[in-house]
Each structure stands twice: as C-alpha cells, then as structure tokens.
Amino acid sequence: MATFQSLPGFRDFYPEDLAKRTHIFRLWRQTAAAFGFAEYDTPVLEPLDLYRAKSGDEIEAQLFSFADKGGREVALRPEMTPSVCRLVGARANALKRPIKWFSIAEFYRYERMQKGRGRCFHQFNADIFGEAGPEAEIELIALLVECMRVFGLTEKDFFVRLSDRNLWFHYLGSLGLDEPRIRALLGAVDKHERGGDDAFKPYEEAFGAIPADLKAKVLAFQSIRSFAQLEAALGAAAASAELAQRLAQWRTLLGGLEAMGLAGFVQVDLGVVRGLAYYTGFVFEAFDRKGELRALAGGGRYDDLVGRLGGTPLPAVGFAIGEMTFALLLEERGLSPAVVQAADIYCVIGSAAERRAAFADIRRLRALGYRVEYPMRELAFGKQFKAAADSGARLALIYGAEELARGMVKVRDMAERSERDVPAAGVGDAVRGLFEAH
RNA sequence: GCGGUCAUAGCUCAGUUGGUUAGAGCACAAGAUUGUGGAUCUUGGGGUCGCGGGUUCGAGUCCCGUUGGCCGCCCCA
C-alpha cells in the first residue's frame, strides 16, 4: 500500500485512462479546427480578484485560493471565461472578427465530489467574440453538437435545451416586475425543476408571498417547449418593437440550426435559465436523453462581461463541455475507445551479435515514423513471437544469425503468418512498401 | 458544510458464532520451450485486511474514532 495517495477529488491517469482522455481531446481539437476556431491557453494560476470581479466574493468558498510567497492573493482557475475575456479584451481592437477561439484546459474547484464531478477536471471551451447576432449562437451550437457527434453519439443520446434570459426579462418586465424581482424569479425557475415549489421560497422571503396568478404565469412560461408555444404565450406583448425584434432573432437562430441539420438535437425549453447572473441572452445546456447524468455542456451569451472585466466591450457567446460527464456518457454507450496504441513493427533478435544490426534498423525505422519495439533482454524466439503478437505489431522483423549471414532480414506478416527475406541493407524500403500496400 | 453507504493482492471478490501461517479467479513474472503466436500446464512474486485506538487469552471479523471512495443534499462558473 502506498504511503501517499492523491488528494481528494484528484485523479491519476494510468496509460489506459489517459488514452481515452487523449482520444476525446483529439476529436475535440479536430472538430474545433474544422469550424475555424483557434486554440489558446492561459495560466492555471490567476489573481483572485479576476474571479471576485466576475462572480463576487462568495465564489471564494469554491476556489483553491491562497497567498503566494510575494503575498499576492491567487487562485487556481475554476473556469476559463474570465481569462479568455482578459485576453480578448486586451487586444480587442487588433483581432480580426469574429474572434473564434477554443481551449482544452484543466480547472480546479474546491467542491464535494460527486458522479461526474471532481475537484479537478478538464473542459473544452469555445467562444465567439465580436458578433452580436444569433449567427454566433448558430455556429457555437453547431460546434457543440458536432463535438459530441464525432464520437458516434446521436440525437437519441443527447440534446441541447435552448432558452433565452433576454426574453424572460422582457416577459416578466411586461408583467410589471422590477429587476430585483425578475432576478429572484429566474433563480426560482432555475431551481424549480429539481426543488419543486420550494424554489419560490427565496423570492417570497424577499418580496412577500407571490400572487397566485404570477406564479401560474411563471410556471406556464417555464414549461414552454416550442417556438409556437412561445409566440402564443407572449400574445399581445409580442407587438412591442423590442419583443418583435427578439422573436425575429429567434427565427434566425432556429432557422439556421435547422439548415445545419440540427433540428433533432435542439429543444426549445424556457425552463433553462442557468444560475449565472452574467448571461444576457440565449442560454443552452446539453443533456443525455435518458436524464441519468448531470449536464454535459452549458453556455450562453454574455455581452457585458469583457467590458466589466476591464477590456474593450465586446459581445460574446460561449460554452464549455466537461470532460468527466462526457466520458461517462461515452462509456455508457460503449463509445469509449478500447484502443491501446499498437506497435507497427516488432524486432525479433537472435543474440547480442545480431542486436547491433537490429539497433541500426530500429533507429532508421523509428526515424521514418514507425512505432518499433524489441525485447530489452535476450529471449527465446518463442517468447519473442509471443511478445510480437502482444504488441499488436503488423510486422515482425527477424534478425537471426542465419538470415544475417546471408545478408538478409526476415519479415513476417503477423496477421497472414507469411514470411519473406529482404536484403538487410533495404529494410526501410521493404517495410515502407509493405505498409503502403495496405 | 450536511446525510447515507462502503473499504481484504494491481482488478473482481471469498473469508463460518471471534480461533493455527488470510484465500480464489484475472493480471504480472519464471519455467516447460536454444528459431516462430493470443493456448495449456507447473511454479513464483505480490497483503501493516485503509489508518489509529478499544474489548478479548485471541480481531480481517465486535466497538469507537479517523482518512478515503461511491451516492445524494447545498452548489454547479
């Protein structure tokens, strides 16, 4: 038993575990690149004030924060948004727009562990800055869906719930409510799905008992599940110029998503508001269809945040996919890669005398990019062929005394169990020919 | 921060009302096998029974504490 173990909530990645994670990251990178997003990274350690400025003091309870040796208050990053806002805000006037960026990074939150949640985890983050219209949402939601679809997940496995905090503000405003009341009600909507009517308690503690008709309207609005229902619910209020414009943006967004072939993945759902106060418009969350896991991804528009963090104000929309829950979903659906990276070539070596010739070829073959393995100790041929089979190599190269005496190396195709001699001086060309033939 | 539950080999687990030196399968390693394969057989290494204390002639087993895992609440950027 080891004396030391990893800290609570932190995971070790043995090679087979890391292979799965790396596979996920690789497909995310490929997908983001296909969408024209550029990858960036930022420091893991940031000034504590960066998060205070964005989220307020209460956030500190959930941060790995401390004073460094220079007395600076610092924190391990719990999310990417403030950092990327700083980068973009600092060079806003020099960056070509729209700014489409993504990152894959590790985050730290001092929280209690749960299924799909640890104190340290990775997220794929993608954001678009400088585009105020719903075209940015189309592009991002398309990217989000594709980041899951490339693994073989379908609309039977997951879906994206789409909502609009902006519309909620307009609607509740049209009912005569002020901003504090609206924010409190959005908090209630956010909790209602899990907590039931208890979700209204904080509102009632602050503003008194909620009128029955208001509560009914809120619950009805939150249960909207289609654009037609949405238009009907707004009724006469939709005649106002502001709301008419907002509904036009909805049509652009839904039309664009449909044209991208994503209608089956997207569900209008006004029950999603997201807990964060800084979201200003469309918000969306991805879930598994069975509803067994926590949210797979979440995002939305945050047009005020870049400016609030001290940069040049820029409209922005972004989302993040958490690696832990996503990996659980892949595992459940049998889509997690079982691949252990196989060798291309295994060299079977007779004895110390043949080892010299083998080593020269091994170096050359590796320089050509082949994954080459060989036994580190002298082993019986039987063992070596077993090792060759275990390694998954397509070819075995046999450096035996007999062959080398004839100036030859024997090449064995492991799958076909066929062998042939090739000139020892031309092993590289022979191997290349065999691999390219497939 | 709160609650439930669990902890025996790298993994999955067995271990009788408390009783000799804690077992199995898989995995790993060696041999059978001095030039040809994922098999088989034999053998081997590997355990502070999570940790600490208590009860007892005797604790993997019972009691208390603690640490950690899992599940849920709070939170979820």
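Note on naming: letters A, B, ... go to the chains in the order of the sequence lines (proteins, then strands), and numbering restarts at 1 for each one.
Salt-bridge formation is detected for the pair A/Arg225/A/Asp269: a Lys NZ or Arg NE/NH1/NH2 atom is positioned less than 4.0 Å from an Asp or Glu carboxylate oxygen. Checked for salt-bridge contact, A/Glu323 and A/Arg21 miss the test: no charged N lies under 4.0 Å from a carboxylate O. A salt bridge links A/Glu193 with A/Arg161: the closest approach of a Lys/Arg side-chain nitrogen to an acidic carboxylate oxygen falls below 4.0 angstrom. A salt bridge between A/Lys386 and A/Asp390 is present, with a side-chain N of the basic residue lying under 4.0 Å from a carboxylate O of the acidic one. A salt bridge links A/Glu179 to A/Arg183: one of the charged nitrogens lies within less than 4.0 Å of a carboxylate oxygen. Using a 4.0 Å cut-off between charged nitrogen and carboxylate oxygen, A/Asp198 and A/Lys191 do not count as a salt-bridge pair. Using a 4.0 Å cut-off between a side-chain N of Lys or Arg and a carboxylate O of Asp or Glu, A/Glu46 and A/Arg77 do not qualify as a salt bridge. Checked for salt-bridge contact, A/Asp421 and A/Arg406 meet the test: a charged N lies under 4.0 Å from a carboxylate O.
Counting non-hydrogen atoms under 4.0 angstrom, A/Tyr278 reaches the backbone sugars and phosphates but no base. At the heavy-atom level, A/Lys191 lies under 4.0 Å from the strands shown only through sugar-phosphate atoms. Nucleic acid contact class of A/Pro8 (heavy atoms, under 4.0 Å, all strands): sugar-phosphate only. Using a 4.0 Å heavy-atom distance criterion, A/Met113 is classed as a sugar-phosphate-only contact. Within the 4.0 angstrom heavy-atom criterion, no nucleotide atom of any strand lies near A/Ala396.
Closest to the side chain of A/Glu111, out of B/rG38, B/rC74, B/rA77, is B/rA77. The side chain of A/Ile398 approaches B/rU36 more closely than any other nucleotide in the set B/rU36, B/rG72, B/rG37. In this structure, of B/rG35, B/rC76, B/rG37, it is B/rG35 that holds the atom nearest to the side chain of A/Glu402. Residue A/Lys386 has its side chain nearest to B/rA39 when only B/rC71, B/rG35, B/rA39 are considered.
If you check distances only, the side chain of A/Gln384 never reaches the base of B/rG37 with a donor-acceptor pair under 3.5 Å. The base of B/rG37 lies close enough to the side chain of A/Arg412 for a donor and an acceptor atom to sit less than 3.5 Å apart. Contact annotation: side chain of A/Arg109 to base of B/rA77, donor-acceptor pair present below 3.5 Å. Side chain A/Arg117 to base B/rC75: a donor-acceptor pair is found below 3.5 Å.
Considering only residues two or more places apart in sequence or on other chains, A/Asp127 meets the salt bridge (charged side-chain N to carboxylate O under 4.0 Å, His left out) condition with none of them.
No side-chain heavy atom of A/Val266 sits less than 4.5 Å from a side-chain heavy atom of A/Phe159.
Positionally, the nearest nucleotide of RNA chain B for A/Arg112 lies more toward the 5' end than for the other of A/Arg417 and A/Arg112. When the nearest nucleotides of RNA chain B are assigned to A/Gly9 and A/Glu419 by heavy-atom distance, the more 5′-ward of the two goes with A/Glu419.
Taking atom CD of A/Gln114 as the reference point, atom P of B/rC2 lies 15 Å away to the nearest angstrom. Distance CG (A/Asp12) to C1' (B/rG10): 13 Å, rounded to an integer number of Å. The distance from atom CZ of A/Arg294 to atom P of B/rG72 is 8 Å, rounded to the nearest whole Å. The nearest whole Å value for the distance from the CD atom in A/Glu285 to the C1' atom in B/rA77 is 12 Å. Rounded to an integer number of Å, the gap from A/Phe10 CZ to B/rC70 P is 13 Å. Between A/Leu76 atom CG and B/rA77 atom P the separation is 19 Å, expressed in whole Å. Counting to the nearest Å, the C1' atom of B/rC76 and the CZ atom of A/Phe319 are 18 Å from each other. At whole-Å resolution of the value, NZ in A/Lys201 and C1' in B/rC73 are 15 Å apart.
A gap of 15 Å separates the P atoms of B/rG50 and B/rU16, to the nearest Å. B/rG60 and B/rG18: their P atoms are spaced 13 Å apart (whole Å). Rounded to a whole angstrom, the distance from the C1' atom of B/rU8 to that of B/rG23 is 10 Å. Only the P atoms considered, B/rC71 is 32 Å distant from B/rG53, to the nearest whole Å. B/rU5 and B/rG47: their C1' atoms are spaced 25 Å apart (whole Å). Taking the P atoms as reference points, B/rC6 lies 28 Å from B/rG58, given to the whole Å. Rounded to a whole angstrom, the distance from the P atom of B/rU61 to that of B/rU55 is 15 Å. Comparing the same atom, P, in B/rU67 and in B/rU40 gives a spacing of 46 Å after rounding to whole Å.
In terms of modelled atom types and a separation under 3.5 Å, the side chain of A/Arg119 and the main chain of A/Arg109 share no donor-acceptor contact. Not one N or O on the side chain of A/Glu378 forms a donor-acceptor pair closer than 3.5 Å with the backbone of A/Ser351. At least one donor-acceptor pair closer than 3.5 Å links the side chain of A/Arg165 to the backbone N or O of A/Arg274.
Within residues 346-362 of chain A, no residue has any heavy atom closer than 4.0 Å to RNA chain B. A heavy atom lying under 4.0 Å from RNA chain B marks none of the residues of residues 307-317 of chain A.
In this structure, A/Arg246 forms a cation-pi arrangement with A/Phe282, its terminal cationic atom sitting closer than 6.0 Å to the ring centre and no more than 45° off the ring axis.
Sorted by first and then second residue, the pairs that involve residues 141-152 of chain A and meet salt bridge (charged side-chain N to carboxylate O under 4.0 Å, His left out), not counting sequence neighbours, are A/Glu146-A/Arg149.
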Quiz item: In dot-bracket, 5' to 3', how would RNA chain B read with Watson-Crick or G-U wobble pairs under 3.5 Å, [ ] for crossing ones and | for pairs to another strand?
Solution: (((((((..((((.....[...)))).(((((.......))))).....(((((..]....))))))))))))....

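Heavy atoms from other residues, nucleotides or ligands lying under 6.0 Å from CZ of A/Arg91 number 12 at most.
In this structure, the ring of A/Phe102 has its center less than 6.0 angstrom from the ring center of A/Phe124.
Ring-base stacking between A/Phe381 and B/rU36 is not satisfied when judged by a centre separation under 5.5 Å and a plane angle under 30°.
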Please enumerate all protein N or O atoms sitting under 3.5 Å from an N or O of nucleotides 26-31 of chain B, with distances to 0.1 Å.
residue : atom : partner  : partner atom : Å
B/rA30  : OP1  : A/Arg377 : NH2          : 2.9

